[in-house]
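To find a chain, count down the sequence lines: A is the first, B the second, and so on, and within it residues start at 1.
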There are 2 protein chains.
Amino acid sequence: MHSDPVVFVIDDDQQVREAIQLLMESIGLKVASFASAQEYLDQFNTQDHGCLILDVRMASMSGLELQARLAAEESHPPIVIITGHGDVQMAVKAIQAGAVDFLEKPFNDQALLDSVHHAIEKDLSQRGEALKLADIRTRLKRLTPREREVLDLVIAGQRNKVIAIDLGVSQSTIEAHRAKVMEKMEAATLSDLMRMMLILELR
Amino acid sequence: MHSDPVVFVIDDDQQVREAIQLLMESIGLKVASFASAQEYLDQFNTQDHGCLILDVRMASMSGLELQARLAAEESHPPIVIITGHGDVQMAVKAIQAGAVDFLEKPFNDQALLDSVHHAIEKDLSQRGEALKLADIRTRLKRLTPREREVLDLVIAGQRNKVIAIDLGVSQSTIEAHRAKVMEKMEAATLSDLMRMMLILELR
DNA sequence: AACGGTATAGGGGTTTTCCCCTATTTGGGT
DNA sequence: ACCCAAATAGGGGAAAACCCCTATACCGTT
């Protein structure tokens with residue numbers, strides 16, 4: 001079911017990659033190294049999880065560019081930025097864009113480990129969240145347009161009678177739709193249904 | 001009802017305070033200046049809103065310290081950090097701690113204005129949120145412990161019969177509590193009630 | 001001692017939901 | 001031509017919720 005988290009190291013300096021690899025392996029973390037952002041993107045898939053350690057200064061695509069690209073995806077592992085020549089502005093932008101941390105080389109080993117731990121924790125929780133949401137969305141997709149319409153009105157607290165009038169059909173039709181909705185959404189009670197829908201609304 | 005947003009400038013350099021004041025007033029924003037964090041704290045009240053422009057290096061209490069103090073409060077205006085001698089680490093910490101922006105002196109006037117605008121927007125939305133939450137919490141406080149207990153079980157989707165058995169009382173007692181809950185929470189439908197409770201849970 | 005709020009319990013009635021059926025029409029796919 | 005999913009509609013009954021009323025007991029305040 002669950003694979004181990006992987007630390008994806010993306011840095012065009014082989015020395016750095018190897019050093020980080022050793023450091024991570026010393027605490028039992030798996031590592032996958034890439035010499036360029038493109039190399040990483042080529043094998044990127046949504047199953048991967050863990051975190052990214054990303055160098056800013058790289059040929060062709062910078063770490064910050066990769067960060068922006070990944071931000072456009074539905075979901076990606078948390079990012080730790082490392083850089084040899086960082087400035088305040090760059091660091092601010094990176095963190096504002098959601099990076100977990102921004103470290104200057106040469107970094108303290110423990111600081112990087114701490115950031116990676118933090119990133120992996122964040123990955124776990126955000127993946128848990130994403131899974132729940134995806135699950136609910138999958139069920140929602142099973143609804144017909146009409147059922148979806150009824151669902152929305154149910155969630156809004158309308159009684160069947162009112163929904164029937166609203167949609168210009170009989171009450172028994174609404175009852176039928178409503179039963180279908182509960183079945184397809186795998187909701188035992190109205191409370192379950194509302195919880196699912198509000199999670200989508202509020203997150 | 002609504003007062004204008006105020007830019008609270010906290011910097012021990014009078015020149016800087018005056019420069020920022022002029023800049024802010026040039027676009028019609030109100031300003032309140034303070035020469036120390038303590039001065040600001042002394043007059044701090046939760047009605048204030050707008051944003052803070054905070055210098056890092058100050059005698060006795062630094063901007064970052066003040067940021068930490070305010071973070072302990074239930075709610076405070078968004079913070080823009082400015083500094084003459086910032087480093088990457090400091091910037092990262094400040095943004096991670098929730099600062100809207102971190103600017104180095106001498107800053108570009110437009111950059112500061114942009115940050116302040118962003119901060120004020122954030123203030124508006126976070127105050128709106130906080131108001132909604134406070135409103136719900138106020139109503140919740142009106143419930144007796146027993147009513148609160150019933151509410152929780154209702155939200156969990158339990159039927160009155162089950163709640164009655166759970167609490168070892170009769171069904172009609174539950175009905176009475178339930179009616180009281182709806183009245184005190186000002187909820188017309190179960191849907192309203194669930195929405196309020198889930199907003200508290202999920203935010 | 002009287003009062004108000006809380007928790008309890010019940011009667012009696014209406015409305016709504018929920019669940020089990022059947023049944024027709026329409027439109028798409030085999 | 002046949003079948004299936006979707007949308008429609010209805011009957012009938014059980015369960016639950018909702019509403020209005022009364023009533024008792026306890027507890028703390030005035």
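The residue Lys161(A) sits close only to the backbone: its heavy atoms come under 4.0 Å of sugar-phosphate atoms, none of a base. Residue Glu175(A) is classed as a base contact, given a heavy-atom separation below 4.0 Å to a base. Thr144(A) comes within 4.0 angstrom of the backbone, heavy atoms only, and of no base.
Donor-acceptor pairing under 3.5 Å is lacking for the side chains of Gln43(A) and Glu39(A). At a cut-off of 3.5 Å, with distance as the only test, no side-chain donor of Gln171(B) or Glu175(B) sits close to an acceptor on the other residue.
Between the CE atom of Met182(A) and the C1' atom of dA16(D) there is a distance of 14 Å, given to the nearest Å. One interatomic measurement links the two molecules: CG of Asp166(B) to C1' of dA7(C), which rounds to 17 Å at whole-angstrom precision. With rounding to whole Å, Glu183(A) atom CD is found 13 Å from dC19(C) atom C1'. Ile163(A) places its CD1 atom 14 Å from the P atom of dA9(D), with the value rounded to the nearest Å. Taking atom NZ of Lys180(B) as the reference point, atom P of dT6(C) lies 7 Å away to the nearest angstrom. One atom, CD1 of Ile174(A), and another, P of dT17(C), lie 11 Å apart when rounded to the nearest Å. Distance CZ (Arg159(A)) to C1' (dT14(C)): 12 Å, rounded to an integer number of Å. Rounding to whole angstrom units, CD of residue Gln171(B) and P of dA17(D) are separated by 7 Å.
For Thr173(B), a side-chain nitrogen or oxygen approaches OP1 or OP2 of dA9(C) to under 4.0 Å. Dashed line: the shortest gap from a side-chain N or O of His177(B) to OP1 or OP2 of dT8(C) is under 4.0 Å. For dA9(D), the OP1/OP2 oxygens have a side-chain nitrogen or oxygen of Ser170(A) closer than 4.0 Å.
Checking dA7(D), dA7(C), dT8(D) against every side-chain atom of Val169(A), the shortest atom distance belongs to dT8(D). Looking at the side chain of Arg178(A), the nearest of the listed nucleotides dA7(C), dT8(C), dC18(C) is dC18(C). Proximity note for Asn160(A) (side chain, C-beta onward) versus dT8(D), dT17(C), dA17(D): the nearest is dT17(C).
Partner Phe107(A) forms a side-chain contact (heavy atoms from CB on, under 4.5 Å) with one of Ile82(A), Thr83(A), Leu113(A) and no other, that one being Ile82(A).
Legend: residues meeting side-chain hydrogen bond (donor to acceptor under 3.5 Å, both in side chains) with Gln38(B), ordered by chain and number and at least two apart, are Asp42(B).
A residue-by-residue look at Ala179(B) and Glu147(A) shows that Glu147(A) has its nearest nucleotide of DNA chain D further toward the 5' end.
Summarising the geometry, atom OG belonging to Ser26(B) is positioned 8.0 Å from atom CG belonging to Asp109(B); distances are rounded to the nearest 0.5 Å.
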